[in-house]
Amino acid sequence: MSISTKYDPIEVEDKWYQYWLENNFFHARPNPEKEPYSIVIPPPNVTGELHMGHMLNNTIQDILIRKARMEGKEACWVPGTDHASIATEAKVVRMLREKGIKKSDLSREEFLKYAWEWKEKYGGIILEQLKKLGASCDWERTAFTMDDDYYKAVIRVFVDLFNKGYIYRGLRMINWDCEAQTALSNEEVIHDENGEKSILYSVKYKIKDSDEYVIIATLRPETIMGDTAVAINPKDERHNHLIGKKALVPFINREIPIIGDDYVELDFGSGCLKVTPAHDQNDYEIGLRHSLEVVDTINLDGTLNEKCEIPRYVGKDRFEVRKLIIEDLGKTGLIVKEEESVTKIGRSERTNTVVEPKLSLQWFIKMKEISRKAHAAVMEDEILLYPTKFKNTYNHWMKNVRDWCISRQLWWGQRIPAYYFGKVEEDFVVAETPEDALNLARDKSGNSNLTTDDLQQDPDVLDTWASSWLFPIEVFHAFGDDKFDAQKGKLIKGKNADLDYFYPTDILVTAPEILFFWVAKMIIAGYEYMDEKPFRNVYLTGIVRDKLHRKMSKSLGNSPDPLELIKEYGADGVRTGMLFSSPAGNDLLFDIKLCEQGRKFANKIWNAFRLVKNWKVDENRPSDQNDFALNWFEARFNQALTRLEDHFSKFRMSDGLMTVYKLIWDDYCAWYLEMIKPPFGEPIDKATYDRTIDFQERLMKILHPFMPFLSEEIWQQITNRTTEQALIVSEWPEPKAFDKLLIDTASTAFEVVTNIRNIRNSNNLSPKEALELQILTSSKEVIEKASSAIQKMANLSNLTFVTDKPDNCMHFVLQSGEYFVPITGEIDVESQIEDLKKELEYNMGFLSSIMKKLQNERFVNNAPGKVVEIERKKQSDAEVKIKALEERLAKLI
RNA sequence: GGGAUCUUAGCUCAGCUGGUUCAGAGCACUUGGUUUACACCCAAGGGGUCAUAGGUUCGAAUCCUAUAGGUCCCACCA
């Protein structure tokens, strides 16, 4: 039988994924016999494609869920997708535009039909891609934030929050995207770090009934016609005499008050600020303080309207008007200065157009009250964030939480269930269905003749996060009619087996940039509807960057195609590659070399398996010469497993992988297998073979979460397994107590081996040439225990203990004793002397630093006895070593 | 402007409550190797005043203060 020396992941991976699926290993259901363990996936955008961030995220989740499954928990990983209203709508609009269809030519229903078609076509892609990665999601539970149930849940929650008084409709300064014609949340507005160049104009405003002028500075002259005041800092000696007078707006000569407000900076521009409440957040707030008139001169599409009073400007885009008005102001000599200025102007994340601050009627959630428990939960460690530094960030944000604008002027999403029936702003009702709305409207208006035709539903949809904040609850179909107590506004316990069993989930793995968008909001919803947190732990991954520290993105073109990567390196290789460089919470500098390292690791494991697989067993062969190796590896395995568990408990995935990596590569392959390996062609004894198989099985178990495919393949090849015996559902090993002394003995032995190999290296001695070793030591037992291993690993013909120092030897001194290797060839005495001198010098320096400490009375008196003891031991060890080196040196000279 | 956080080997990072895990790991690098499991490999080796300056202490990579530089979040000057 021959097995390839190269591990080929491609066929193996598809085979096992299919096998796991067919046997339903990913599916979980409430099981009172077992402890639940659940994770909900951060739902990717429904029309998105897998990128490196997803790869990292989902690898981590899969590792956790696989380990939990092996630990005998009922492990449930719920997958799903997010309808992502803005992103998806933008894509659909673009797609339609390419077909020559304008959104504005379509009815809402027609548009949604296209959107759903788009969703059906592309919606599943990303989940299929996750399967290639090995994600062991419970696919039967796949959720979509616009599923019928889910849609209803979101509406139900809106109505409930409205009835509880958390939702209100209000006039607010919002970020308006003139191109997409929608409001944007602050988070969707991008400010370029370096700012953008712009020109700051100084413009003269005449003072009424006077020849004086006031000079204001503005970046946005096109908003001049919306000015309703000029503000001056009352402390400003230069201008404060003007406060109380009136200024005249250029061209239209509107009289506006000159007011005092300390918002105005003394040393920016001219010190006088034109106040345009309709078009600037700060100006709006100044306006509120001084009860200023609001003149809104800009339309939703960014053109100016007739309120600007200048016909030449009406209907033209704000940027065009800027050019025109500068021309006009220039002609009349009103511009006194133009200077270059850099401003951190906001642009829409989606359309990249300059965001227009705009007053608009929007729906809001009052955040202060509703977020209180969510704030406390993190501060009091009811929910743990990894890494913990995000706790501070979270705190800062929650303390200063602002009301959440949840309406979006889009069609793709849950439509706001508010129905208008009259002329006045207050003439609306909020209800889950049009029928309920009609009843409410009849009550509210006192007009029992109202019909559904008199009701107009709000055209806007809800912010995506206002649906995905229910994800950890609603994936379990929580808000059904009989499960929700509308009176209390709570979900009823005991009505939903899945929810009762799996909620709260164990961990959420997501990106730090959506800590507030999504994580905080889920916590809020969790406490509001379940009186319970949605997850115990939050693991925040870093951003995947390239070697130049740039964020990997499609637009930069610096992101490899994940599926291509998987093809080339295998899913196992890519998974480990991602993890090799991924400390929790830090950005990951992705380097394709790491995937290569992952692939090499897979190959290494494969070959170790091949070696063992090909051994012939001889039942009659004695095994005692391997006792040391067997017992040592047993101890070493448990030591590593203990470490691994510790890493897992702190979500240090990268360290966990490295622990397994070193255990397999260094300890198992480089030392253990080499120690027990029979000479070529010879069989191995039964006892050693059996235990090696046992080791290999346990190694595959702890490898499985990281490299599920390779480990399952080897597992199944070691022995024929029944379905129930598949590795994916096998039992995770318990860390046992281990013999630390034995591990120390082994490292002493390995140190000896390394030194002998070193001697070979520096004397050009072939590893095939057997050497002799003579040892002068006071602790013979330690070496004796490991002597057969040392002989084998160092290729010694002979290992003897001596009482006198032999001549003509290569020589080294270790803590454990003095070692002599007679060699036949010429010994380079000069270089030996050189080396000895160096080593001696180092040890003398070491000793003197210790002596300094020990001679310091304050150290001896104050330091704990144990520490002093250690120093004394160091001293005597160093003295012994120095003595040996000196004697040796004397002999050579 | 407010806040957080970081600076340890060429690179990416570990180093928890100050003392044997104290100067570490992986990769990269150098040297040598056709040792029948693996050249996707083996063996050995060289790399660091722990950002800088002070302080606390018997003792500091670890605690404190300041400085410099980086990263992130929030707010934002018209």
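Throughout, a chain's letter reflects where its sequence line sits, starting with A, and its residues are numbered from 1. Values below: all heavy atoms of this structure, side chains included; hydrogens, waters and symmetry mates excluded.
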Handout entry: Span that lies between the C1' atom of G48(B) and that of G10(B), in whole angstrom
Key = 11 Å

Exercise for the section: In whole angstrom, give me the gap between the P atoms of A43(B) and U35(B). Expected result: 13 Å

Completion exercise
The residue, Val753(A) or Asp655(A), whose nearest nucleotide of RNA chain B is more 5′ is Asp655(A)

Handout entry: Protein-nucleotide distance (Phe516(A), atom CZ; A75(B), atom P), rounded to Å
Key = 10 Å

Fill in the blank from the handout: Quick note, Asn607(A) side chain, CB onward, closest among U5(B), A37(B), C40(B) is A37(B)

Handout entry: Base of A75(B) paired with side chain of Gln281(A) (donor-acceptor, under 3.5 Å)
Key = no

Fill in the blank from the handout: Taking every heavy atom of Val860(A) against every heavy atom of Arg872(A), the minimum-distance pair comes out as CG1-NH2, 4.2 Å

Practice task
Measure from CG on Leu673(A) to P on C42(B) and round the result to the nearest Å.
Solution key: 12 Å

Handout entry: pair Arg289(A)-Tyr263(A): side-chain heavy atoms closer than 4.5 Å
Key = yes

Practice task
Describe the nucleic acid contact of Leu589(A) in one word from base, sugar-phosphate, nothing, applying a heavy-atom distance below 4.0 Å.
Solution key: sugar-phosphate

Handout entry: Strand RNA chain B as a dot-bracket string - pairs counted if Watson-Crick or G-U with both distances under 3.5 Å, | where the partner lies in another strand
Key = (((((((..((((.....[....)))).(((((.......))))).....(((((..]....))))))))))))....

Handout entry: Pairwise C1' distance, U31(B) and C22(B) [rounded to whole Å]
Key = 29 Å

Practice task
Return the nearest nucleotide to the side chain of Ala863(A); candidates are A37(B), C58(B), A43(B).
Solution key: C58(B)

Practice task
Remember a base hit wins even if backbone is also touched, and classify Gly271(A) as base, sugar-phosphate or nothing at under 4.0 Å, heavy atoms.
Solution key: base

Exercise for the section: Calculate the interatomic distance between Glu285(A) atom CD and C77(B) atom P; express it in whole Å. Expected result: 10 Å

Handout entry: Distance test, side-chain N/O of Lys6(A) to OP1/OP2 of C38(B), below 4.0 Å
Key = no

Handout entry: Rounded distance (Å) that lies between atom P of C74(B) and atom CZ of Arg402(A)
Key = 11 Å

Fill in the blank from the handout: Atom CD1 of Ile232(A) and atom P of C77(B) are separated, to the nearest Å, by 19 Å

Exercise for the section: For nucleotides G70(B) and U12(B), find the distance between their C1' atoms and express it as a whole number of Å. Expected result: 16 Å

Completion exercise
Side-chain contact check for Lys600(A): nearest option of A44(B), C77(B), C41(B) is C41(B)

Problem - Nearest to side-chain heavy atoms of Arg858(A), which nucleotide of C72(B), C40(B), C58(B) - result: C58(B)

Handout entry: Position toward the 5' end of RNA chain B (nearest nucleotide), Asp666(A) or Thr5(A)
Key = Asp666(A)

Problem - Close side-chain approach of Asp8(A) and Val12(A), heavy atoms under 4.5 Å - result: no

Problem - Sugar-phosphate only, base, or nothing, as touched by Lys604(A) at under 4.0 Å among non-hydrogen atoms - result: base

Exercise for the section: Can you tell me, in whole Å, how much space there is between the C1' of G19(B) and that of A68(B)? Expected result: 31 Å

Practice task
Could you tell me whether Trp615(A) contacts a base, only the sugar-phosphate backbone, or nothing, with contacts defined as non-hydrogen atoms closer than 4.0 Å?
Solution key: nothing

Practice task
Mind checking Ala602(A) for me? I need base, sugar-phosphate or nothing, with any heavy atom below 4.0 Å counting as a touch.
Solution key: nothing

Practice task
Give one of base, sugar-phosphate or nothing for Lys873(A), where a contact means two heavy atoms less than 4.0 Å apart.
Solution key: nothing

Exercise for the section: When you get a sec, tell me which of A37(B), C76(B), U35(B) is the closest nucleotide to the side chain of Tyr263(A)? Expected result: C76(B)

Practice task
If the glycosidic angle is within 90 degrees of 0 it's syn, otherwise anti, so just tell me which one G47(B) is.
Solution key: syn

Fill in the blank from the handout: Closest of C38(B), C58(B), A43(B) to the Asn603(A) side chain is C38(B)

Exercise for the section: Tell me what Tyr7(A) touches on the nucleic acid: a base, only sugar-phosphate, or nothing, going by heavy atoms under 4.0 Å. Expected result: nothing

Problem - Under-4.0 Å salt bridge between Lys873(A) and Asp877(A) - result: yes

Handout entry: Atom-to-atom span, CG of Leu710(A) to C1' of C40(B) - whole angstrom
Key = 13 Å

Handout entry: Aromatic contact, Tyr668(A) with Phe695(A) (centres under 6.0 Å)
Key = no

Exercise for the section: Could you tell me whether Phe609(A) and Trp606(A) have their ring centroids closer than 6.0 angstrom? Expected result: yes

Exercise for the section: Determine the Euclidean distance between corresponding P atoms of U8(B) and A53(B); express it in Å to zero decimal places. Expected result: 15 Å

Practice task
Scan Arg757(A) against the nucleic acid and name what it touches under 4.0 Å (heavy atoms): base, sugar-phosphate only, or nothing.
Solution key: sugar-phosphate

Problem - Selected nucleotide, minimal atom distance to Asn856(A) side chain, candidates C58(B), C73(B), G45(B) - result: C58(B)

Handout entry: Lys874(A) and Glu871(A) ion-paired at < 4.0 Å
Key = yes

Problem - Touch class at under 4.0 angstrom, heavy-atom based, for Gln597(A) against every strand present - result: sugar-phosphate

Handout entry: Listed nucleotide nearest any side-chain atom of Thr393(A), set C74(B), C40(B), A4(B)
Key = A4(B)

Handout entry: Short side-chain N/O contact from Asn282(A) to OP1 or OP2 of C77(B), under 4.0 Å
Key = yes

Problem - N-glycosidic conformation, U49(B) - syn within 90 degrees of 0, else anti - result: syn

Exercise for the section: Salt-bridge test for Asp655(A) and Arg643(A): reply yes if a basic N is under 4.0 Å from a carboxylate O, no otherwise. Expected result: no

Exercise for the section: Identify the residue among Asn761(A), Leu765(A), Leu771(A) that makes a side chain to side chain contact (heavy atoms under 4.5 Å, CB included) with Ile756(A). Expected result: Leu771(A)

Practice task
Establish, with yes or no, whether the OP1 or OP2 oxygen of A44(B) is under 4.0 angstrom from a side-chain nitrogen or oxygen of Thr754(A).
Solution key: yes

Exercise for the section: May I ask you to verify if any side-chain N or O of Trp665(A) is less than 4.0 angstrom from the OP1 or OP2 atom of C42(B)? Expected result: yes

Fill in the blank from the handout: On a heavy-atom basis, the closest approach of Ser270(A) and His239(A) is O-NE2, 3.0 Å

Practice task
Would you mind classifying the nucleic acid contact of Val860(A) as base, sugar-phosphate or nothing, using non-hydrogen atoms under 4.0 angstrom?
Solution key: nothing

Handout entry: Euclidean distance, atom CD of residue Glu674(A) to atom P of C38(B) [Å, nearest integer]
Key = 11 Å

Handout entry: Gap between atoms CG and P, on Leu657(A) and A25(B) respectively (whole Å)
Key = 17 Å

Practice task
Measure up the His375(A) and Tyr394(A) rings against each other and bin them: parallel (under 30°), tilted (30 to 60°), perpendicular (over 60°).
Solution key: tilted

Exercise for the section: Looking only at side-chain atoms of Val867(A), point me to the closest of G19(B), U20(B), G2(B). Expected result: G19(B)

Practice task
Determine the contact category for Asn862(A): base if any of its heavy atoms lies under 4.0 Å from a base atom, sugar-phosphate if only primed atoms, P, OP1 or OP2 are that close, otherwise nothing.
Solution key: base

Exercise for the section: Give Gln855(A) one of three labels, base, sugar-phosphate or nothing, depending on what nucleic acid heavy atoms sit under 4.0 Å from its own. Expected result: nothing

Problem - Carboxylate-amine/guanidinium proximity below 4.0 Å for Lys677(A) and Glu674(A) - result: yes

Problem - C1' gap between G32(B) and A51(B), integer Å - result: 38 Å

Problem - Sugar-phosphate only, base, or nothing, as touched by Leu219(A) at under 4.0 Å among non-hydrogen atoms - result: sugar-phosphate

Problem - Nearest to side-chain heavy atoms of Lys768(A), which nucleotide of U20(B), U35(B), G26(B) - result: U35(B)

